[in-house]
Amino acid sequence: MPGLITMDDLTNEEIISLLDNAEKLLPVARGELYLPLLKGRILGNLFFEPSTRTRMSFETAMKRLGGDVVNLGDVKTSSVVKGETLFDTIQMVDGYTDIIAMRHPRQGAAQYACDSAKVPIMNGGDGAGHHPTQTMLDLFTIRQAHGTLEGLNVVLAGDLRFGRTVHSLSHALTRFGCNVTFASPESLRMPEEIIADLRAAGAEVNETTDLIGQISEADVIYMTRIQKERFPDEDEYTKVADSYKLHARDLDDAKAEMIIMHPLPRVEEIHPSVDSTRHARYFEQAFNGVVARMSLMCWLLGVNVPADVMSEGEVI
Ligand code: NCD
């Protein structure tokens, strides 16, 4: 069954068409238009790791489109604690639902689930691997701000080693010809194999430890949280915990249209003083998760998004 496990599952044309459909669905996400395109469909939310935005925006997307959601709920109160395998859980949820959103601490778990499932699996994060549905909302946010995805200067900063959002996003951005700069502490550099893949595909990527020095040329600065839960050793985390912080006073030389993004949750890496600057875009970015996931679920379920949604839906 087709699903979305990594960004390699989508062509550039499919990405653009998904973003166009997401844009059409904005009035539905805002609650201004009722358009039950997914009436009668059930989404299974299988989150084996903590989640706020991803789980809630999937749920909001399905419900706003007239569908319903069943949740695994807290892993601690599910049969996972009795020792049920992922394979068995998937076999069962497969029968209850029409599509599954899944997050798991193990890299490769979403692909494993997809191989045995009859319904489409959407990878909502597999360990330090990939997070392609986040990339769709990130691309939507970038295109909304800059009108294009092509040729932008994008700085990805923070924990590039364990951060799955930046793994998926860097692949997508370079496919659209963005100039990507990786800014991270030495110990949290983007994995060699990802850099090699990007270069093999013809992308030009730069690496630096100096985030502040990148600000004046950037069109997008994408901050990430240091992924504490993925550090094998607490001391290693403590050494880098406070390494990258953006404060409003750092932004004096930024381009007027530069946007600051973050998949959230933020811990210390963006000071609240940034929130009231024209550059802050992270809360809109989180809202865009609803349209991006609506568009994706329609596509995976073979449901067409009408060209003129206003004439098809019911104004609320
Ligand atoms: C991210 C994740 O889970 O990878 N969160 C999200 O989905 N918005 C980022 C993070 O946890 O730091």
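Throughout, numbering of the chain's residues begins at 1 and tracks the sequence. Bear in mind the structure is a predicted one, so any value in this text is a computation, not a measurement. Atoms within each ligand, like the ligands themselves, are counted from 1 in listed order.
- Ionic pairing of R161 and E236 is not present here: no N-O contact between side-chain nitrogen and carboxylate oxygen is shorter than 4.0 angstrom.
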ask   = Run the side chain to side chain contact (heavy atoms under 4.5 Å, CB included) check on N71 and F58 step by step: do they pass?
value = CA-CA 11 Å; N71 270 289; F58 262 119; over 6 Å; no
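- D9 approaches E14 most closely through the heavy-atom pair O-OE1, 3.9 Å.
- A salt bridge links R189 and E207; the closest N-O separation between the charged side-chain nitrogens and carboxylate oxygens is under 4.0 Å.
- Between D138 and R281 there is no salt bridge, since no side-chain N of the basic residue sits under 4.0 Å from a carboxylate O of the acidic one.
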For ligand 1, run through the N/O pairs with the protein that fall under 3.5 Å and put one pair on each line.
unit_1	atom_1	unit_2	atom_2	d
ligand 1	3 (O)	R103	NH1	3.4
ligand 1	3 (O)	R103	NH2	3.2
ligand 1	3 (O)	R164	NH2	2.9
ligand 1	4 (O)	R164	NE	2.8
ligand 1	5 (N)	L264	O	3.1
ligand 1	7 (O)	T54	OG1	3.0
ligand 1	7 (O)	R103	NH2	3.0
ligand 1	7 (O)	H131	NE2	2.8
ligand 1	8 (N)	Q134	OE1	3.3
ligand 1	8 (N)	P263	O	2.8
ligand 1	8 (N)	L264	O	3.0
ligand 1	11 (O)	R225	NH2	2.9
ligand 1	12 (O)	R225	NE	2.9
ligand 1	12 (O)	R225	NH2	3.3
ligand 1	12 (O)	Q227	NE2	2.8

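- T97 has its side chain out of reach of L43: every pair of non-hydrogen atoms, C-beta onward, lies at least 4.5 Å apart.
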